[in-house]
Amino acid sequence: MGVFEVIKKRRSIRAYLEKEVEQDKLLKILEAAQAAPSANNCQEWRFVVVGDKEKRKQLSIAARGQAFVATAPIVIACCAQTDERKMTCGQVCYPIDVTIAIDHMILTATELGLGTCWIGAFYPEQVKEILDIPPHIKVVELLTLGYAQSVASNPKQRLPLNEIIFRDKWGKTCL
Ligand SMILES: Cc1cc2nc3c(=O)[nH]c(=O)nc-3n(C[C@H](O)[C@H](O)[C@H](O)COP(=O)(O)O)c2cc1C
């Protein structure tokens with residue numbers, strides 16, 4: 001699959017088979033995160049890969065009781081070890097850098113036939129306690145990973161291009 005095909009194919013997966021994720025595939029997915037760009041190449045991202053069943057169950061509770069989180073054979077806690085530096089544009093680097101790395105992992109997983117789901121609805125303090133993550137570390141997102149039980153067949157709900165893209169100046173549509 002080409003990148004564009006992978007992007008179009010990816011959907012959030014909320015039901016997983018019990019099948020394990022092969023080590024070589026997992027490693028490739030993590031290497032995709034490592035290869036991501038980051039502001040000033042600071043690479044503040046850190047990842048806790050969770051396969052332990054009991055911990056996954058606890059993480060699903062920390063994720064506001066989203067039960068499907070526990071059914072994924074792998075949950076990745078996507079974190080940042082950061083001094084909270086900002087770019088000239090005023091944006092804090094770490095949420096952007098960690099997010100790019102997550103998307104690299106997600107697209108690689110899709111290419112490898114695996115499913116993922118972003119999890120932003122979680123209580124970071126609970127996740128830290130479950131995974132022994134030190135207080136100064138930020139938990140940015142959780143990511144579920146595994147083989148999909150089913151993939152949504154309905155079309156992606158997205159705003160039309162002419163509502164989100166302007167040409168040369170704000171508000172001037174280009175398409
Ligand atoms: C930052 C972020 C946080 C999200 N958090 C959750 C979540 O906690 N639980 C969930 O089921 N889906 C979550 N999602 C998935 C979105 O609901 C999903 O991407 C969106 O509905 C579009 O569907 P699609 O991913 O199938 O294209 C999250 C997505 C993003 C990008």
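We're numbering straight along the sequence, starting at 1. Order of listing sets the numbers, starting from 1, for every ligand and every atom in it.
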Original post:
Going by the atom numbers of ligand 1, which of them fall below 4.0 Å from some non-hydrogen atom of A121?
Top reply: 8 (O)
**OP:** Under 4.0 Å, heavy atoms only, figure out whether ligand 1 is touched by the backbone of K8, its side chain, both or neither.
**Re:** neither
Original post:
Which pairs pass side chain to side chain donor-acceptor pair (under 3.5 Å) with one or both residues in residues 80-102, sequence neighbours excluded?
Top reply: E44-T82, D83-R85, E84-K138
Original post:
Is the CD atom of Q34 crowded by more than 12 outside heavy atoms at less than 6.0 Å?
Top reply: no
**OP:** Count the heavy atoms of every other residue, nucleotide or ligand shown that sit under 6.0 Å from NZ of K53, and state whether that count exceeds 12.
**Re:** no
Original post:
Restricting to pairs with a member in residues 125-175, which pass ring-ring contact (aromatic ring centres under 6.0 Å, His included), not counting sequence neighbours?
Top reply: F166-W170
Subject >> Heavy-atom nearest neighbour of atom 21 (O) of ligand 1 within options K156, R14, R11 >> reply: R14
Subject >> atom 25 (O) of ligand 1: nearest protein contact (heavy atom, Å) >> reply: S12 OG, 2.6 Å
Subject >> R56 side-chain N/O to I74 backbone N/O, donor-acceptor pair under 3.5 Å >> reply: no
Subject >> Interatomic distance, L26 atom CG to E31 atom CD [nearest 0.5 angstrom] >> reply: 10.5 Å
Subject >> Contacting atoms of ligand 1, where contact means under 4.0 angstrom from a heavy atom of C117 >> reply: 10 (C), 11 (O), 12 (N)
Subject >> Heavy atom of the protein closest to atom 14 (N) of ligand 1 (residue, atom name, distance) >> reply: W118 O, 3.4 Å
**OP:** Say whether, by atom type as modelled, one donor and one acceptor occur between the side chain of K128 and the main chain of P135 under 3.5 angstrom.
**Re:** yes
Original post:
Distance from I13 atom CD1 to T144 atom OG1, nearest 0.5 Å?
Top reply: 8.5 Å
**OP:** Report yes if some N/O of F68 lies less than 3.5 Å from some N/O of ligand 1; otherwise report no.
**Re:** no
Original post:
Is there a nitrogen or oxygen of E141 sitting under 3.5 Å from a nitrogen or oxygen of ligand 1?
Top reply: no
Original post:
Which of the atoms in ligand 1, numbered in the order shown and given with their element, are less than 4.0 Å from a heavy-atom of I119?
Top reply: 5 (N), 6 (C), 7 (C), 8 (O), 9 (N)
Subject >> Best match, R10, Q157, Q66: closest heavy atom to atom 10 (C) of ligand 1 >> reply: Q66
Original post:
Who's the nearest protein heavy-atom neighbour of atom 5 (N) of ligand 1, and how far?
Top reply: G120 N, 2.9 Å
